[in-house]
Enquirer: 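If you scroll down you'll find the structure; I have some questions about it.
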There are 2 protein chains.
Amino acid sequence: MNRNNINKPATITDVARHAGVSIKTVSRVVNKEPNVSQATLDKVQTAIESLNYRPNMSARGLAAQRSFLITILYDTYLAHSSYTSNVQLGVLKHCNQAGYEVLIHPIEYDKATVSKRLEQHLKRTRPDGLIITPPVADAQNVHQVLNELGTPYVCLSPGGPQADNFVSIDDEKAAQDLCEYLLALGHSQFAVIVGHPDHIAMSAREKGIKKAMRAAGLPLGKHLQKIQGKNTFHSGVEATEKLLTQGNLPTAIIACNDEMAAGAIHVLHQHNIDVPSDVSVCGFDDAPIAEHTWPQLTTIRQPVHQMAFHAAELLVEKLAGNASPKSRIEFSSELIIRASSCAPKGL
Amino acid sequence: MNRNNINKPATITDVARHAGVSIKTVSRVVNKEPNVSQATLDKVQTAIESLNYRPNMSARGLAAQRSFLITILYDTYLAHSSYTSNVQLGVLKHCNQAGYEVLIHPIEYDKATVSKRLEQHLKRTRPDGLIITPPVADAQNVHQVLNELGTPYVCLSPGGPQADNFVSIDDEKAAQDLCEYLLALGHSQFAVIVGHPDHIAMSAREKGIKKAMRAAGLPLGKHLQKIQGKNTFHSGVEATEKLLTQGNLPTAIIACNDEMAAGAIHVLHQHNIDVPSDVSVCGFDDAPIAEHTWPQLTTIRQPVHQMAFHAAELLVEKLAGNASPKSRIEFSSELIIRASSCAPKGL
DNA sequence: TTGAAAGCGCTAACAC
DNA sequence: GTGTTAGCGCTTTCAA
């Protein structure tokens with residue numbers, strides 16, 4: 001009895017022997033190459049089934065000089081966000097069906113050192129490609145390293161003007177829509193809690209708001225208070241507390257994401273300021289937290305899951321050598337009106 | 001000019017040539033084997049530095065029959081929870097420093113099919129080991145598959161009585177503590193929103209509550225309403241709505257996790273029932289949402305990050321062949337008292 | 001303490 | 001359509 005073979009996975013050689021064909025032929029079948037006769041195909045497939053053959057990724061990787069690994073690169077700071085988990089699910093969905101495994105690589109975003117640490121990851125792990133989210137996706141030096149090493153990647157960000165291989169919504173336009181909705185309700189005194197300054201999407205949202213206000217003829221100096229946030233609930237709390245000490249309560253607060261908006265609502269509650277009758281509060285993203293606040297948040301829905309799925313598709317295409325013609329894709333967003341916004345009091 | 005070598009990573013052969021030693025010697029240095037003289041060590045290390053050598057994982061994996069991959073296996077349903085992201089961060093922290101890459105593999109938990117889909121992952125991807133969270137960790141057939149294939153793993157769950165390689169808190173005791181705290185405040189009319197029934201930790205929490213009430217001499221029939229939840233905010237909403245239609249408002253609601261507790265608070269708000277003066281609400285886990293609700297949640301803090309880190313340590317030890325003597329570890333939890341609980345009205 | 005040689009399981013170039 | 005032949009870069013006996 002050759003007990004040695006028990007539980008030892010079958011190799012491509014075993015399959016070839018079993019099917020009475022060459023290794024190369026099995027390889028052709030496994031890789032779905034076209035030039036195989038039906039008869040051979042059947043023989044091989046039967047052998048594969050009966051031996052329960054699964055290709056060995058290490059061997060494949062070694063011979064083909066690839067790893068079949070795709071890394072999701074993101075800021076550790078955002079590890080707990082629904083944005084990140086949505087990206088993970090979307091990317092996984094496509095990658096697994098395309099034969100890639102997905103590695104996660106949270107990295108503490110620090111403009112100066114991020115590219116060095118990325119380089120280490122690339123050299124050590126050698127993923128075939130990466131999906132990158134902001135703010136890492138928005139750092140120049142990150143792009144440099146990637147291009148130097150020739151590793152393909154796709155970013156989930158509107159990107160800068162030079163941007164290539166970016167998937168996003170039109171953040172500026174979306175913010176403009178949101179602001180126009182508030183203007184239409186009659187609001188004219190705004191505060192905006194802006195996000196991480198290195199985050200291009202966040203700046204775009206701020207721009208959109210300003211654009212809408214200017215278009216409505218409202219001078220920004222008198223009608224818009226701007227407070228810095230850092231994308232987190234806690235930073236939304238701090239920003240709102242600062243706003244309250246400034247003494248000039250606006251009739252509407254727009255936070256550049258839902259976490260910060262939730263933080264704002266939290267503070268307003270503490271101060272017995274009613275949302276929305278005293279102040280309307282709007283967020284951005286339609287994260288789960290937008291439905292957990294009381295009242296629930298008016299916000300912009302961003303199809304993160306689909307965007308991530310699409311980014312993965314794009315990346316896999318690239319890896320297959322089919323450089324896609326369109327390397328910058330915009331998804332459409334949607335204004336979700338909930339209970340945190342209404343017409344201002346006086347009206 | 002041999003432009004071919006540009007950007008081509010150095011191999012172990014290059015290093016050996018450069019250092020004037022054999023491949024085997026370089027290998028010994030890389031793998032930190034003890035029997036290398038100081039002189040050789042220095043020579044080799046210099047060569048490694050100057051060539052910027054990084055071992056090729058595919059080649060290593062092929063030769064050594066391992067993949068240097070560790071999979072985190074969890075329920076897709078919980079992909080968006082802070083629990084899952086904490087597990088990811090904790091596991092990554094240890095694995096990366098131990099030379100492993102971390103793969104995420106959310107799987108739709110379904111008792112009947114989960115083991116088959118796990119088997120596919122194991123055969124296709126061949127990770128060296130897995131970290132598994134509930135409810136997947138609590139399914140018998142999952143353990144069977146893993147043992148049959150001989151893949152090492154560690155679970156983040158209290159596990160059943162037969163449990164081996166489990167890392168958790170003492171959920172029963174923690175729930176008991178929480179309930180005793182409420183009893184001490186004077187509560188006697190309770191409702192418990194229980195979690196996913198396949199989730200062993202959730203059942204343990206329910207048991208702990210009952211134990212505390214029994215010890216206080218309260219007959220469960222009259223003093224405890226039990227409503228089924230499914231661990232999500234939404235299920236907490238539904239459970240609480242059901243509770244309200246039953247007409248018997250308790251003075252304290254214990255939800256078996258924070259998401260469901262947040263759902264409960266949300267519904268009570270809608271019905272103008274004040275928390276905590278009308279009803280105290282407590283959660284479990286100290287997830288971020290516990291600080292986002294208004295009022296903030298009294299809850300049990302579970303050190304998920306550390307537990308995951310430790311689980312990864314245990315797994316890596318196992319992979320190194322150092323079977324640890326202690327294969328079941330309990331972390332301690334902590335009662336966090338916030339504003340969602342107080343003495344019942346009458347008192 | 002060090003080296004030589006034989007693969008690990010697969011792909012890729014080139015033949016037939 | 002199918003087969004043959006070299007490796008990919010590492011680990012692992014086994015010798016020295």
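Worth knowing before you read on, the calculation uses all heavy atoms, side chains too, and leaves out hydrogens, waters and symmetry mates. Reminder, nothing fancy here: chain letters follow the sequence lines and each chain counts from 1. A quick note: this is a predicted structure, and the numbers were derived from the prediction, not measured.
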Enquirer: Taking only side-chain nitrogens and oxygens of B:T25, does any of them come within less than 4.0 Å of OP1 or OP2 of C:dT1?
Expert: no
Enquirer: DNA chain D: B:A63 or B:R28, which has the more 5' nearest nucleotide?
Expert: B:A63
Enquirer: Determine the interplanar angle of the A:Y100 and A:F68 rings, folded into 0 to 90°, and report it as parallel if under 30°, tilted if 30 to 60°, perpendicular if over 60°.
Expert: tilted
Enquirer: Using heavy atoms to find the nearest nucleotide of DNA chain D for B:N56 and A:S37 separately, return the residue whose nucleotide is more 5′.
Expert: A:S37
Enquirer: Would you indicate what A:N35 reaches in the nucleic acid, counting non-hydrogen atoms under 4.0 angstrom: base, sugar-phosphate, or nothing?
Expert: base
Enquirer: Closest nucleotide of DNA chain C for B:V36 versus for B:L62: which of these residues is on the 5' side?
Expert: B:V36
Enquirer: In the structure I gave you, are the side-chain heavy atoms of B:M57 and B:E101 within less than 4.5 Å of one another anywhere?
Expert: no
Enquirer: Could you say whether A:R66 or B:V21 is positioned toward the 5' end of DNA chain C, judged by the nucleotide with the nearest heavy atom to each?
Expert: B:V21
Enquirer: Considering every strand and a 4.0 Å limit on heavy-atom distances, what is the contact class for B:T40: base, sugar-phosphate, or nothing?
Expert: sugar-phosphate
Enquirer: Heavy atoms of chain A, cut-off under 4.0 Å: which first and last nucleotide of DNA chain D, 5' to 3', fall inside that, if you could look?
Expert: D:dG1 to D:dG9
Enquirer: When the distance from CG of B:D42 to P of C:dT2 is rounded to whole Å, what number comes out?
Expert: 11 Å
Enquirer: Taking atom C1' of C:dC10 as reference, at what distance in whole Å does atom CZ of A:R54 sit?
Expert: 17 Å
Enquirer: Is a side-chain N or O of A:S85 found less than 3.5 angstrom from the main chain of A:S82, in a donor-acceptor match?
Expert: yes
Enquirer: Ring centres of B:H310 and B:F331 under 6.0 Å apart?
Expert: yes
Enquirer: Any side-chain to backbone donor/acceptor pair from B:D138 onto B:I200? Under 3.5 Å, distance only.
Expert: yes
Enquirer: Please check this pair: side chain of A:D128 against backbone of A:R66, looking for a donor-acceptor N/O pair closer than 3.5 Å.
Expert: no
